[in-house]
Amino acid sequence: MTEKEVKILMTKYLNGTISTKEEKLLEKFDASLILKNEHSVFKTDNHKKRLGKKLFKKIRQKQDGRSVTPWFKIAASIAIIINLGFLTYYGIISQEKEPITITQITETTEWGKRMDFTLSDGTRIKLNSGSTISFPEKFIGNTREVTLIGEAFFNVAKNPDKPFIIKSGDLCTTVLGTSFNINAYPKSDDISVTVATGKVHIGAKKSMVYLHPNEQGVFHKKSDSISKNDVDTNSLINWQKGLLKFNDITVKEALGILEKWYGVNFVIHDDQPFDCHITASFDNETLSNVLESITYVKKDLSFNPLKNNTILIKGKCRDNNQ
């Protein structure tokens with residue numbers, strides 16, 4: 001069966017015109033192929049919402065009739081595509097008379113702070129500074145879903161029957177059990193997913209890719225596209241170990257990293273570009289030691305602490321060959 005035929009069957013399924021024979025054919029395909037045809041099935045967001053209501057109606061009809069086990073895979077896949085909240089979705093298809101209420105937990109780290117915690121399924125998470133993650137107190141149903149703003153490293157507990165889904169803006173990351181890093185700060189133009197172990201699927205409205213160890217997928221917000229490249233995983237997830245590394249970057253870029261790392265704000269005197277380069281490595285060092293090291297190699301720079309975690313930086317930035 002071609003992708004075009006799958007798209008036609010999916011449209012007929014949502015419109016309620018699919019035959020029993022055609023429905024059995026559609027049940028043979030998993031969410032990845034259905035997701036691949038999403039952009040050509042839904043015309044507008046309103047169209048997607050209307051089909052969502054029809055899906056709910058079909059869920060109730062199926063629940064009152066025969067077993068939903070094979071059919072559930074299609075319904076769950078389409079529900080994820082339509083971006084329906086999973087707890088609401090599960091409450092509707094639950095065997096219980098009343099919807100199941102699960103407490104939603106939100107953890108937030110201030111700039112300069114980090115947090116370690118474990119979810120109910122055993123998944124371990126390290127949340128970087130200036131980040132927020134939301135997750136249910138207990139995972140129910142056929143998926144494990146969380147929402148991330150900022151950066152976090154995930155070590156997902158394996159469960160082939162319950163995919164782990166992380167929503168970061170318009171990007172959706174799906175895994176069964178693996179370890180990876182997501183950088184999804186709101187002010188950034190990109191969202192990056194870097195895989196340490198296992199296999200990760202990331203998808204947006206117009207594209208989707210699979211990532212393996214030492215690969216990074218980058219979702220470009222403006223173009224709504226995803227690129228993939230090989231990376232040195234260790235250099236990208238050092239933050240969880242407290243390792244701060246500058247590899248031939250400009251001092252201005254380094255200052256931006258230090259602001260997030262230590263929760264401070266740098267004010268540049270006379271609006272200097274600070275485009276000279278720096279290479280350095282720090283292992284759980286204090287901010288004062290880091291700044292002292294920078295002024296040691298960039299002797300024309302000086303840092304003056306002000307109020308409210310603000311630091312004034314003065315002088316000129318020169319590379320060694322200048």
Is a side-chain N or O of T109 found less than 3.5 angstrom from the main chain of N128, in a donor-acceptor match? yes
Near-ring test F117/F135, centroid separation under 6.0 angstrom: yes
Could you state the interatomic distance from NE2 (H220) to OG (S192), rounded to the nearest 0.5 Å? 10.0 Å
For N247, is the CG atom crowded, meaning more than 12 foreign heavy atoms sit under 6.0 Å from it? no
Do I166 and Y185 share a hydrophobic cluster (ILVMFWY, side-chain heavy atoms under 4.5 Å, transitive)? no
Tell me if a side-chain donor or acceptor on T279 pairs with a main-chain N or O of D248 at a distance below 3.5 Å. yes
Name the orientation class of the two ring planes belonging to F246 and F282 (parallel below 30°, tilted from 30 to 60°, perpendicular beyond 60°). perpendicular
Looking only at atom types and distance, does a side-chain atom of S188 sit under 3.5 Å from a main-chain N or O of A184, one as donor and one as acceptor? no
CD-CD distance between Q240 and E151, expressed to the nearest 0.5 angstrom: 9.5 Å
Exercise: identify the closest heavy-atom pair between V175 and K199: CG1-O, 3.9 Å
Could you tell me whether the side chain of S168 and the main chain of L171 form a donor-acceptor pair under 3.5 Å? no
Does NZ in K222 sit with more than 12 non-hydrogen atoms of other residues, nucleotides or ligands closer than 6.0 Å? no
Just wondering, are more than 12 heavy atoms of other shown residues or ligands nearer than 6.0 Å to NZ in K252? no
Using atom types as modelled and distance alone, determine if a side-chain donor or acceptor of K298 lies under 3.5 Å from a backbone N or O of T295. no
Looking at D283 and K245, is there a salt bridge between them, counting it only when a charged N and a carboxylate O are closer than 4.0 Å? no
Counting distance only, does the side-chain N/O of R144 pair as donor-acceptor with the main-chain N or O of L176 below 3.5 Å? yes
Does any donor atom in the side chain of D121 or T123 lie under 3.5 Å from an acceptor atom in the other side chain? yes
Which pair of non-hydrogen atoms, one from E259 and one from N265, has the smallest distance, and what is that distance? OE2-OD1, 3.2 Å
Does Y262 have K260 sitting over its ring (NZ/CZ under 6.0 Å from centre, angle to axis within 45°)? no
Classify the side-chain pair W111/N309 by whether it contains a donor and acceptor separated by less than 3.5 Å. no
Classify the side-chain pair N214/T233 by whether it contains a donor and acceptor separated by less than 3.5 Å. yes
Thinking salt bridges, do K126 and D116 make one under a 4.0 Å N-O criterion? yes
Between Q216 and the options T194, D230, N183, the side-chain hydrogen bond (donor to acceptor under 3.5 Å, both in side chains) test singles out T194
From the list L211, V156, I202, side chain to side chain contact (heavy atoms under 4.5 Å, CB included) partner of F180 resolves to V156
Between D319 and C276 the two heavy atoms that sit nearest each other are OD1-CB, 3.3 Å
